[in-house]
Protein chains: 2
Amino acid sequence: MRKLPAKLASQLYGAAELIAERGLDGTKIEDIAEATGIPKATIYYHLDGKNAVLEFLLGDLLDMIAGAVGVAVASEENARTRLEAAVQAQLGVMLEHPSLCRALVGDLGRATRLPELAAALRTAFYEPIEQLLAEGVSDGSLRQVADPGAVALSVFGAITLAGLSAAVEGPSADPSADAARLSAAVSELVLDGLATPGSRDQRRSEPL
Amino acid sequence: MRKLPAKLASQLYGAAELIAERGLDGTKIEDIAEATGIPKATIYYHLDGKNAVLEFLLGDLLDMIAGAVGVAVASEENARTRLEAAVQAQLGVMLEHPSLCRALVGDLGRATRLPELAAALRTAFYEPIEQLLAEGVSDGSLRQVADPGAVALSVFGAITLAGLSAAVEGPSADPSADAARLSAAVSELVLDGLATPGSRDQRRSEPL
DNA sequence: TCGTAGTTGTACTTCCAGTACAAACCATGA
DNA sequence: TCATGGTTTGTACTGGAAGTACAACTACGA
């Protein structure tokens, strides 16, 4: 797989909608050729087959997310505030690229089986959150939890599912407003939880 | 698709590991035939192709989850406690059937494109949580949130991702202990959030 | 004993990913 | 101007796997 001229790369995005709709299986190479305007022979000249098309598209999405989250996480605020920013950043990118997201869910299996993508997935989503959790404990803005790995994963899940489902609902008129609304809801959950103060004492209290 | 004799159904589970490992694409019908001991012709006699195999397996998993969560949700406790029980129930089932879970992630795309599965997914995961959220507001054990739909989805995401990743880690020696540990972590997140009390006032306070 | 439903092997068709290859097409620089 | 080498593209082909057809066989109940 060579490094794909810019023009072709941009044309390739024309296949995202198609793949999101039908899945990669349901999409023939000829369909992709037609949708993108790149002839089949040319696709095969540059890419190692159908999977590589998906790999390219998703790699790009993941890079965008990793970039946006990276920026959000790098500020001078406390970890808690940066976590909110990260949530918003991730959801912002996701809602701006709904069909890439749909393609991602749809062919997640293939994606995680493609080793490079699995790694990109880790760096885009999971690692920044895990990092933040640790820093929040240091700066006192986030609680210490018993199993940080599991919690990071859950937070990741909470954000991602929310974004994914929004993406599946279909593209919205104002993605950034939606992202703001959604990320408020998700941050609220992740930071403050759902329990009422009153119900808290019904629990066997074990300080962590 | 007729209603599959019990013997064949049980044999079909022999394909779960295979599909989890390689994905449905990477698995030939002949492979499934060999792994399950059901000849290809017989598979086609009962099922409408490869997708139907997946549909059957995942439908079963989803039924199990829906069942377990349904029981958890039906108790007399307050909503908060039932939410904890639901988390534990879902994770319990997931960790007991890791390869089905792995197959589910891997071919989620196909799954959500299969309409019946999408519906099963909704009833297994999403609806009970949404329901619980509403009841928690009534009985005072859970907070009122601005966007219950989004929050339900996020909670679902938090639980599911945790379970999925545990399933991917490979089967454990003691699934129920793992489930207990994991669900404690997830419940902690979902109920109490991550913010420290101290950091809470740094926020523009708007009573919901 | 017959009929009906399931079981299975074998051979076939169809479809599509991926390959081969040759002809054009373009840039570069000599 | 021409030669060279990467790129582009059409066309035809190969191979493999999904799904179908069908006939022979089994088992069971009426």
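Residue numbering restarts at 1 for every chain, and letters A, B, ... go by the order of the sequence lines.
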Here the salt bridge (charged side-chain N to carboxylate O under 4.0 Å, His left out) pairs for residues 118-129 of chain A, sequence neighbours left out, are A:Arg122-A:Glu127
How would you list all residue pairs meeting side chain to side chain donor-acceptor pair (under 3.5 Å) that involve residues 62-76 of chain A, not counting sequence neighbours? none
Taking DNA chain C as the partner, which of residues 23-34 of chain A come within under 4.0 angstrom of it by heavy atom? A:Thr27, A:Lys28, A:Ile29
Calculate the interatomic distance between B:Asp48 atom CG and D:dA18 atom C1'; express it in whole Å. 13 Å
Using atom CG of A:Asn51 as one end and atom P of C:dA17 as the other, report the distance to the nearest whole Å. 11 Å
With sequence neighbours left out, what residues match A:Ser176 under side chain to side chain donor-acceptor pair (under 3.5 Å)? A:Asp174
For A:Glu17, enumerate each residue passing the side-chain contact (heavy atoms from CB on, under 4.5 Å) test, keeping only those at least two apart in sequence or located in another chain. A:Glu21, A:Ser99, A:Arg102
With sequence neighbours left out, which residue pairs that include part of residues 104-113 of chain A fulfil the side chain to side chain donor-acceptor pair (under 3.5 Å) condition? A:Asp25-A:Arg110, A:Asn51-A:Arg110, A:Asp107-A:Arg110, A:Arg110-B:Asp25
Using atom types as modelled, flag every donor-acceptor pair under 3.5 Å from a side chain in residues 157-165 of chain A to any protein atom, sequence neighbours excluded.
{"residue": "A:Thr160", "atom": "OG1", "partner": "A:Gln90", "partner atom": "NE2", "Å": "3.2"}
{"residue": "A:Thr160", "atom": "OG1", "partner": "A:Phe156", "partner atom": "O", "Å": "2.7"}

Strictly under 4.0 angstrom, non-hydrogen atoms only: write out the protein contact profile of nucleotides 7-14 of chain C, one letter per nucleotide from the 5' end, B, S or -. BBB-----
Sequence neighbours excluded, which residues qualify as side-chain contact (heavy atoms from CB on, under 4.5 Å) partners of B:Ile38? B:Leu8, B:Gln11, B:Leu12, B:Thr36, B:Thr42, B:Ile43
Does a donor on one side chain sit under 3.5 Å from an acceptor on the other, for A:Glu135 and A:Gln131? yes
Euclidean distance, atom NZ of residue A:Lys7 to atom P of D:dT7 [Å, nearest integer]: 15 Å
Write down the distance between CD1 (A:Ile43) and C1' (C:dC16), rounded to a whole number of angstrom. 14 Å
